[in-house]
Amino acid sequence: MLKEYKTIREVVGPLMLVEGVEGVKYEELVEIRQEDGEVRNGKVLEINRDKALVQLFEPSQGIKMSTAKARFLGRSVELPVSEEMLGRVFDGMGRPKDGAAPIIPEMKLDINGRAINPVARDYPNEFIQTGISAIDGLNTLVRGQKLPVFSMSGLPHAELAAQIARQAKVIGSDAKFAVVFAAIGITFEEANFFISDFRKTGAIERAVMFINLANDPAIERISTPRMALTAAEYLAFEKDMHVLVIMTDITNYAEALREVSAARKEVPGRRGYPGYLYTDLATIYERAGRIVGKKGSITQIPILTMPEDDKTHPIPDLTGYITEGQIILSRELYKKGLTPPIDVMPSLSRLKDKGIGAGKTREDHADTMNQLFSAYAAGKQAKELSSILGESALSEVDKQYAHFAEEFEKRYISQGFNTNRSIIETLNLGWELLALLPKSELKRIRDAYIEKYLKK
C-alpha cells in the first residue's frame, strides 16, 4: 500500500517540501492529490533525513498545502516503449501529442537509462550519409558518434536538422534505420514546421518525435532528451536498428537546468549555470554509441545555439569537451545567401578518418578532403589579401585560389535544404573544383588518384 502524506510544508516555484517521509528514494515519482480530486505530478529531487524536496511537472499555482496529499509511487519516470512508436509524435513526458491512441507498450524503461560499460563499447567506424557535402565530404559522421551542431540565433539550424533527419542513411547496410527527434523548448511555429516537414516528406514513417514547447514546464524540458534517448536505446539495442538522435535546442535544456538550480538555491557556477552542468550534459551525450555483440547503434546530433555567438560560453564549451567534434554554422556565410551555412574551417569531426576510404566511401576520400581544406584556406587568405592590397597584388596562382574559394562556397557548401547528394556525387564535385587549380598545386593527393579521377 502506497503511503500518503499530509505534511506539505513549503511550495516555492516548481519545488515542494514534504516532511516526515519514510523510505523515499531519489528520482521517485510523486502524485499531489488536491481536495477536489485534481492530481499533479512530480519527482523527488533531494532527500534529507525525513524531508523530501519534490520537483513538480506542472505549475504549482492553486495548490493548498493544508489539504493536499503527497503520495510517493516507489518508481522513477518510465517511458512505455514498442515499435508502434515509429511514426508517432509525443510531448516531452512521452504522452501522445498527435491525437492517436496511446501505444500498447512492450516494456517500460527508466528514462535515466543504464550506463554503458566502457569495456562493452564498440568503436564507431561506419559512414553515415547525410546527403550534405560539407558534412559527408569534409566532416564525416560515423555510426555511434556524437557530433553537435553549434549555431547562432537567427541561423537556419531547424532547416538543417530537418534535412539531416530526412536524408540520413547507412550505406551498404540492410539494417533498419530510424530517427528519434527531440525538440526542446521550441516555439509552436517551429514545432509545426518539424511535424509538417516530417509528414510531407514521409520521414515521419521511420521517426519518433518528442516535442516540448517553450511554454511547457521547465522540468518537462529536462525530461525530453532523456525520453528520446530511452526510445533510441530500445530501438537500437532491443530491435537492432541504427538510430540517429537529433536534439534541438540543448541551450534551452541548459537554461531549464539553471532555472531549477536557482529555485533550489544552489551555489551557481560559470554564468549562473549549476556546477554540475558538465556532468549533466555527459549523462545525455554519453548515451550514444555501439555495444559489442549488438547490431544496433545510437548516433547523436545535438544542436545548440551559442548565446551571444560565443564559442567559449559554458554550453558549447562543455559540449565540445564531451563530444567528438562540432559542425559550426556561420553568420557571415548566411549573409552571403549560402545554405546550409556550414563553416568548414572551424568545424571538425574527430572520427571522420574512421568512416572513410575504400569499402566505406571511396579510396580517394581522405586525400581529396585534405586538399579541399588546404585549397579553401589558401583561397580565403588570397581573398583577404586582395581586399587589403587590391587584386593587382595577387600572383596568378593566388587569383586561381581566390576563384576556387568562391566556387567552393557557391557549389560545394551551398546546396540548399532540399538537395540530397550521394557521397559519390560529393567526391566528384570535389574533383571538379580541384580541376580549377594547376595540377602542380595538388600536393596532398597521390598521383594515382589524380590520374584516375581528375577530369582532363
Side-chain angles (χ1 to χ4, degrees), residues 123-143 145 147 169-173 324-325 327 333 338 342-386 391 393-415 419-456:
Y123 204 87
N125 63 3
E126 286 168 280
F127 170 67
I128 289 182
Q129 180 177 290
T130 64
I132 299 164
S133 293
I135 297 176
D136 293 349
L138 303 174
N139 296 290
T140 315
L141 178 66
V142 179
R143 190 161 76 83
Q145 183 178 6
L147 185 64
K169 62 177 180 181
V170 177
I171 292 192
S173 168
E324 292 111 17
I327 302 292
L333 292 179
L338 306 182
I342 295 172
D343 193 348
V344 296
M345 296 310 292
S347 296
L348 166 72
S349 169
R350 293 192 183 97
L351 297 179
K352 64 186 172 193
D353 295 336
K354 309 297 175 197
I356 62 175
K360 292 176 183 174
T361 53
R362 202 168 72 184
E363 57 185 355
D364 58 316
H365 192 156
D367 287 12
T368 53
M369 174 179 70
N370 294 334
Q371 188 66 64
L372 286 167
F373 267 125
S374 169
Y376 182 48
K380 284 185 83 173
Q381 212 170 5
K383 282 170 76 176
E384 280 168 24
L385 201 61
S386 80
E391 204 172 316
L394 299 184
S395 68
E396 209 48 52
V397 173
D398 285 341
K399 285 176 187 169
Q400 286 174 306
Y401 272 118
H403 176 57
F404 168 86
E406 280 172 19
E407 288 298 306
F408 179 78
E409 286 180 354
K410 228 185 297 177
R411 292 170 58 192
Y412 195 95
I413 293 175
S414 185
Q415 65 177 73
T419 306
N420 185 359
R421 286 185 190 148
S422 71
I423 185 60
I424 301 302
E425 287 174 320
T426 290
L427 292 170
N428 289 344
L429 177 59
W431 279 107
E432 278 177 41
L433 290 165
L434 290 173
L436 299 172
L437 299 171
K439 211 172 179 181
S440 57
E441 291 296 312
L442 307 182
K443 295 167 185 162
R444 294 170 184 266
I445 305 180
R446 274 163 262 200
D447 291 341
Y449 296 158
I450 292 174
E451 287 304 312
K452 188 173 176 182
Y453 296 105
L454 188 68
K455 288 198 171 75
K456 306 290 185 290

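Residues take their numbers from the sequence shown, with the count starting at 1.
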Any luck finding a side-chain donor-acceptor pair between Arg421 and Thr426 under 3.5 Å?
no
Tell me the closest heavy-atom pair linking Leu436 and Gln400, and the distance in Å.
O-NE2, 4.1 Å
Heavy atoms of Ala134 and Val344 approach each other most closely as CB-CG1, 3.9 Å
Around atom CZ of Arg362, are there more than 12 heavy atoms of other residues, nucleotides or ligands at under 6.0 Å?
yes
Least distance between heavy atoms, Ile342 atom then Leu333 atom:
O-CD1, 3.3 Å
Rounded to the nearest 0.5 Å, how far apart are CG of Leu434 and NZ of Lys439?
13.0 Å
Are any of the side-chain nitrogens in Lys452 or Glu363 under 4.0 Å away from the carboxylate oxygens of its partner?
yes
Got a second to check how far Leu348's CG is from Arg350's CZ, nearest 0.5 Å?
5.5 Å
Do Val397 and Leu437 have side-chain heavy atoms sitting under 4.5 Å apart?
no
Inspect the contact between Lys354 and Glu324 and indicate whether a charged nitrogen and a carboxylate oxygen are less than 4.0 angstrom apart.
no
Report yes or no: does Asp367 contribute a side-chain atom to a donor-acceptor pair with the main-chain N or O of Arg446 at less than 3.5 Å?
yes
Side chain to side chain contact (heavy atoms under 4.5 Å, CB included) assessment of Asp364 paired with Trp431
CA-CA 10 Å; Asp364 58 316; Trp431 279 107; 2.6 Å; yes
Hey, is CD on Glu407 packed in by over 12 heavy atoms from elsewhere, all under 6.0 Å?
yes
Has Ser349 got a side-chain atom pairing as donor or acceptor with Leu141's backbone, closer than 3.5 angstrom?
no
Point-to-point distance, once rounded to the nearest 0.5 Å, from OG of Ser422 to CG of Asn428
8.0 Å
Whether the Tyr376 and Glu409 side chains hold a donor-acceptor pair (N or O, under 3.5 Å, no angle test) is what I'd like checked.
yes
Is Leu138 close to Ser347 at the side-chain level, that is, under 4.5 Å between some pair of heavy atoms?
no
If we ignore angles and hydrogens, is there a donor and acceptor under 3.5 Å between the side chains of Glu441 and Tyr401?
yes
Full working for side chain to side chain contact (heavy atoms under 4.5 Å, CB included) between Met345 and Phe373:
CA-CA 7 Å; Met345 296 310 292; Phe373 267 125; 4.2 Å; yes
Just wondering, do Ile128 and Lys169 contact through their side chains at under 4.5 Å, heavy atoms?
no
Looking at side-chain heavy atoms only, is the closest gap between Phe404 and Leu372 below 4.5 Å?
yes
At what distance, to the nearest 0.5 angstrom, does CG of Leu338 lie from CD1 of Ile413?
7.0 Å
Would you confirm whether Ser374, through its side chain, and Asn370, through its main-chain N or O, come within 3.5 Å as a donor-acceptor pair?
no
Glu425 CD to Ser133 OG distance, which is reported to the nearest 0.5 Å:
8.5 Å
Between Gln129 and Ile423 (side chain of the first, backbone of the second, donor and acceptor by atom type, cut-off under 3.5 Å), is there such a pair?
yes
Output the distance between atom CG (Leu351) and atom CZ (Phe127), rounded to the nearest 0.5 Å.
14.0 Å
Verdict with reasoning, Lys383 to Glu391, per salt bridge (charged side-chain N to carboxylate O under 4.0 Å, His left out):
CA-CA 8 Å; Lys383 282 170 76 176; Glu391 204 172 316; over 6 Å; no
Under the 3.5 angstrom rule, does the side chain of Gln371 hit a backbone N or O of Thr368 as a donor-acceptor pair?
no
Hey, does the side chain of His365 reach the backbone of Leu427 with a donor-acceptor pair shorter than 3.5 angstrom?
no
Any sub-3.5 Å donor-acceptor pair from Lys352's side-chain atoms to Asp136's backbone N or O?
no
Verdict with reasoning, Asn125 to Lys360, per side chain to side chain contact (heavy atoms under 4.5 Å, CB included):
CA-CA 9 Å; Asn125 63 3; Lys360 292 176 183 174; 4.1 Å; yes
